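Structure, as C-alpha cells:
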Amino acid sequence: MLSHFSLISTASLSSFSFFSLRRSPNFHFYPSAFFHFQSAPLRLSRASGGRVPMDSPAQDLTASVHSLTQDLKNQSLESHSSADTDRNHSKKPRLKLEDLNWDHSFVRELPGDPRTDLFPREVLHACYTKVSPSAEVDNPQLVAWSESVADFLDLDHREFERPDFPLLFSGASSLVGALPYAQCYGGHQFGMWAGQLGDGRAITLGEVLNSKSERWELQLKGAGKTPYSRFADGLAVLRSSIREFLCSEAMHHLGIPTTRALCLVTTGKFVSRDMFYDGNPKEEPGAIVCRVAQSFLRFGSYQIHASRGEEDMDLVRALSDYSIRHHFPHIENMSKSESLSFSTGGEEDSVVDLTSNKYAAWAVEVAERTASLIASWQGVGFTHGVLNTDNMSILGLTIDYGPFGFLDAFDPRFTPNTTDLPGRRYCFANQPDIGLWNIAHFTTTLSAAKLINEKEANYAMERYGTKFMDDYQVIMTKKLGLPKYNKQLISRLLSHMAVDKVDYTNFFRLLSNLKADTSIPDDRLLVPLKSALLDIGQERKEAWTDWVKAYIHELSTSEISDEQRKISMDSVNPKYVLRNYLCQTAIDAAEMGDFGEVRTLLKLMERPFDEQPGMEKYARLPPAWAYRPGVCMLSCSS
C-alpha cells in the first residue's frame with residue numbers, strides 16, 4: 001500500500017487549515033470546522049479577456065468571488081443530466097422492459113475480473129467482477145415505484161403492473177439485455193484507509209441509453225453476494241431499503257443532486273440484522289431497491305488501484321479516461337482556443353492552463369460539484385452520516401443513503417449515525433470540512449498516478465472552498481429573502497437557533513410570513529414565529545426580538561413586496577422534508593404488509609415546497625417516540 005493513502009502530505013494541503021469556529025471569526029456556520037484560505041488571491045486569465053477576483057474571500061464573505069466557476073459553466077461543466085419528468089407521454093417513446101436500449105460501456109472498455117465466482121477475495125487488476133443476482137425470493141412484491149424515473153428511462157408506466165415485475169427487479173428473473181457486474185473500489189472509512197471494499201451487495205445490471213442518448217446505470221441493492229461481500233450476506237432489509245428509496249426521490253424533488261430509485265420490492269424472505277451492534281440480532285423482511293444514476297463511480301473507485309502500487313496506476317488513468325469520455329465529454333472536447341488558466345499568485349507566479357491537462361480540469365469539476373452538493377445539504381439541513389470516500393460520487397451526487405437525517409431541532413453537532421457518536425466526524429457542521437478532506441484524497445490519487453501535479457491538486461482543493469462559499473452564501477441569502485448576503489445577520493440567526501434548538505425546516509418556512517414593516521410593535525414581532533419558538537423565556541424572547549428587528553430593517557431596504565418575497569422564500573424553504581420519524585411510520589406499516597404510507601410519502605415528497613392542504617400533519621415536529629434509538633439515530637446495519 002502506498003504511504004500517501006495513510007496520510008496526506010503537508011504539501012497537498014498547503015493552502016488550507018482545518019479549525020473550529022470557536023477559534024476563528026472568519027465563518028459564521030455555528031459551530032463549525034470549515035476551511036480557511038491562506039493562499040494569495042487567484043488571478044484568472046482567459047483568451048477572451050480576464051477578470052480578477054476580489055481580495056481575501058475568506059475574510060470578506062460578502063464579496064462575490066469571481067473565478068473559474070462561471071467559465072467552466074460556460075463550457076457546460078455543470079452536466080448533471082436533466083432527469084426532470086416529462087409529463088407529455090405522447091411525445092416520448094414508451095418502452096417495455098424487453099425494449100430498453102442497453103449498453104455496457106463499463107464492461108466493454110475496462111478490465112474485468114477473470115473469475116466469476118462469489119468467493120470473498122481481493123480482486124486485483126480489475127474494475128469489476130461479472131456476477132448475477134442471487135438473493136433468494138419467495139413471492140416478491142412491488143412496494144413502490146417512481147414514475148418520474150421511469151419517464152427518463154422511457155419506460156412505460158404500465159410495466160409496473162406486470163406480474164413478473166417483482167421477479168425481474170428482485171433478480172429472480174433476468175432482464176433481457178442486462179449484463180450484471182459488481183464494481184471494485186476501496187475507501188477511507190472514518191478517516192482510516194480500509195482497503196478493498198467494493199459492491200458487497202449492489203449489482204449493476206448495465207447501462208440504459210434513453211431517447212436523449214443519456215446513459216443511466218440500473219443497480220439492484222441487496223441482490224446477493226459478490227466477491228466484495230467480505231463476511232456479509234449481500235442482502236438488504238426492508239427498513240433501510242424504504243429509507244433509501246424515499247430519500248433518493250425526496251432529495252431530487254428538493255433540487256439536490258442524487259442517485260435515483262426506480263422501484264422497491266420485497267424478497268419474501270427474512271434477513272438477520274443486529275441493528276445496534278449489541279449482540280441481539282433479529283429477523284427483518286428482506287428487500288431490494290433498484291437504484292439509478294448516470295454512474296456509480298466513487299472516489300474510492302480510483303483510490304483502490306492507486307493503493308496497489310505502480311502496477312495498477314495504469315488502471316487509474318484508464319478509469320479516469322473512461323469517466324471523462326462518458327460523463328465529462330465537454331472536458332475531452334476543450335481546446336487551447338478556449339484557454340482557462342489560473343495564476344497561483346505566489347513568488348514564482350506559476351500559471352497552469354486547464355485545457356493543457358484534461359485531468360486537472362476534471363479534478364476541478366469534481367471538486368466544484370462536491371462543494372455545490374454539500375452547500376445544498378447545509379442549506380436544507382441534511383446530514384449524510386457516512387461521508388467515507390467510497391460514498392463520494394464523482395458526479396457530485398448524494399449516494400448511499402444509510403443513517404442519514406434531516407435536522408429537526410437545530411444542532412450543528414447532530415449526527416444521525418450511532419457509530420459516529422464518539423467523535424462526530426460526520427456531524428452536520430463538519431460536512432464541508434469532510435468534503436474537502438475527501439477531495440484532498442481524490443486529488444492525491446490522481447497525483448500518485450501522475451495525472452495532475454501538486455499545483456493542480458491544490459487548485460482543485462482551493463476551488464472546492466471558493467465554490468462552497470459562493471453557493472452557501474447564495475442559498476442562505478435566498479432562504480432569508482435578503483436583498484444581499486449579510487454575514488452578521490445569518491450568523492446571529494444560526495446562533496439563536498442552536499441555543500433554543502429551533503426546528504430547522506419549520507422556522508425557515510415560517511420566516512416568509514414576516515412583513516418588512518419597521519413600525520410593528522416589539523410585542524408583535526415574534527407572532528409569525530411563535531409555533532417555532534417554543535418554551536423560551538423572557539431573555540431569549542428579547543434576543544429573538546432584537547434579531548427580528550434587525551432582519552426586518554434589512555428587508556425594508558429591498559423594493560420587493562412582502563407577497564413576492566414570500567413566494568420566493570417558499571420556493572427554497574420546503575414545508576416537507578423526509579424526517580426520520582416519517583420514514584419509521586412507513587417502515588412500521590410496511591413490515592406489517594401495508595405499503596400505503598410508503599406511497600403516500602413518495603407523493604408528498606414530490607412537491608416539498610407546496611402547501612398540500614390536508615397533509616399538514618407531515619410537517620409537524622417529531623413526537624416523543626421519535627427520539628428513541630433506531631428512529632432519530634441509526635447504525636450502518638441495513
Side-chain angles (χ1 to χ4, degrees), residues 104 106-107 110 112-113 116 118 120-121 123 126-137 140 149 168-172 174-175 178-187 189 194 196-208 215-245 247-248 258-267 271 273 286-301 304 384 386 388-395 397-404 636-638:
H104 302 291
F106 195 83
V107 171
L110 293 166
D113 182 2
T116 58
L118 304 180
R121 52 193 160 84
V123 176
C127 295
Y128 63 87
T129 302
K130 290 182 179 179
V131 294
S132 295
S134 60
E136 294 184 11
V137 304
V149 173
L168 291 165
F169 283 91
S170 64
S174 298
L175 276 165
L179 184 59
Y181 68 87
Q183 188 190 149
C184 179
Y185 53 82
Q189 297 192 325
Q196 178 180 291
L197 300 168
D199 286 332
R201 57 176 173 171
I203 297 177
T204 294
L205 299 176
E207 305 147 36
V208 169
R215 183 178 302 274
W216 294 98
E217 275 189 39
L218 272 62
Q219 185 182 86
L220 300 184
K221 184 173 181 178
K225 287 186 177 181
T226 77
Y228 312 102
S229 298
R230 291 168 284 175
F231 302 105
D233 55 19
L235 306 176
V237 297
L238 183 59
R239 162 177 52 85
S240 62
S241 300
I242 286 174
R243 287 171 53 81
E244 174 137 18
F245 175 84
C247 204
S248 298
T258 178
T259 58
R260 303 292 303 277
L262 174 65
C263 62
L264 166 62
V265 299
T266 61
T267 62
V271 178
R273 285 291 180 269
I288 296 173
V289 176
C290 179
R291 306 197 296 185
V292 182
Q294 288 193 295
S295 174
F296 286 95
L297 284 167
R298 307 119 185 285
F299 293 3
S301 302
I304 185 61
H384 183 280
V386 200
N388 299 326
T389 57
D390 57 296
N391 294 337
M392 300 292 293
S393 161
I394 63 161
L395 298 182
L397 306 176
T398 315
I399 189 172
D400 289 340
Y401 291 93
F404 65 82
C636 296
S637 175
S638 58

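Source: prediction; values computed, not measured.
Residues Phe296 and Gln183 approach most closely at O-NE2, 3.5 Å, considering heavy atoms. Shown here for Ala261 and Val289, the closest heavy-atom pair between the two residues is CB-CG1, 4.1 Å. Nearest heavy-atom pair across Ala202 and Ala182 is O-CB, 4.0 Å. Taking all atoms of both residues into account, the shortest heavy-atom contact from Val386 to Pro403 is CG2-CD, 3.5 Å. Between Ile203 and Gly224 the shortest heavy-atom distance is CD1-O, 4.4 Å. The shortest non-hydrogen separation linking Ala293 to Leu397 is CB-CD1, 4.1 Å.
Glu244 CD to Thr259 OG1: the interatomic distance, rounded to the nearest 0.5 Å, is 6.0 Å. Distance check: Asp390 CG to Ile304 CD1 gives 10.5 Å after rounding to the nearest 0.5 Å. Distance check: Ile288 CD1 to Phe169 CZ gives 11.5 Å after rounding to the nearest 0.5 Å. Distance check, rounded to the nearest 0.5 Å: OG1 of Thr389 to CD of Gln189 gives 8.0 Å. Interatomic distance, CD of Gln294 versus CG of Leu395, reported as 6.5 Å (0.5 Å rounding).
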Before you tell me yes or no, could you show the steps for Asn391 and His384 under side-chain contact (heavy atoms from CB on, under 4.5 Å), namely the whole-Å CA-CA distance, both residues' side-chain angles and the distance that decides it to 0.1 Å? CA-CA 10 Å; Asn391 294 337; His384 183 280; 4.2 Å; yes
Determine, step by step, whether Leu118 and Val131 satisfy the side-chain contact (heavy atoms from CB on, under 4.5 Å) criterion, reporting the C-alpha distance in whole Å, the side-chain angles of both residues, the deciding distance to 0.1 Å, and the verdict. CA-CA 7 Å; Leu118 304 180; Val131 294; 3.6 Å; yes
Evaluate the side-chain contact (heavy atoms from CB on, under 4.5 Å) criterion for residues Ile399 and Arg298: first the C-alpha distance (whole Å), next the side-chain angles of each, then the deciding distance (0.1 Å), finally the verdict. CA-CA 9 Å; Ile399 189 172; Arg298 307 119 185 285; 3.9 Å; yes
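Residues Cys290 and Cys263 are in side-chain contact: their nearest non-hydrogen atoms beyond the backbone lie under 4.5 Å apart. Looking at Gln219 and Val292, their side chains never come closer than 4.5 Å, going by heavy atoms from C-beta outward. Two residues are said to be in side-chain contact when any heavy atoms from C-beta on lie closer than 4.5 Å; Cys127 and Cys184 fail this criterion. Considering only heavy atoms from C-beta on, Pro140 stays 4.5 Å or farther from Thr267 through its side chain.
The main-chain N or O of Leu297 is never found under 3.5 Å from a side-chain atom of Ser301 such that the two would form a donor-acceptor pair. For Asp233 (side chain) and Leu235 (main-chain N/O), a donor-acceptor pair under 3.5 Å exists by modelled atom type. A distance-only check finds a donor-acceptor pair linking the side chain of Glu207 to the backbone of Phe106 [under 3.5 Å]. No donor-acceptor pair closer than 3.5 Å links the side chain of Tyr181 to the backbone N or O of Leu205. The backbone N or O of Ala178 lies less than 3.5 Å from no partner atom in the side chain of His104, so there is not a single donor-acceptor pair. Panel note: side chain Arg201, backbone Gly234; no donor-acceptor pair is recorded below 3.5 Å.
Tested against Arg291, the residues Val149, Asp400, Leu218 include a single side-chain contact (heavy atoms from CB on, under 4.5 Å) partner, Asp400.
For the 3.5 Å distance criterion, the side chains of Thr129 and Tyr228 qualify, holding a donor opposite an acceptor. A side-chain donor from one of Tyr401 and Thr258 sits under 3.5 Å from a side-chain acceptor of the other.
Of the charged side-chain nitrogens involved, none lies within less than 4.0 Å of a carboxylate oxygen, so that Lys221 and Asp199 do not count as a salt-bridged pair.
In this structure, Arg243 forms a cation-pi arrangement with Phe404, its terminal cationic atom sitting closer than 6.0 Å to the ring centre and no more than 45° off the ring axis.
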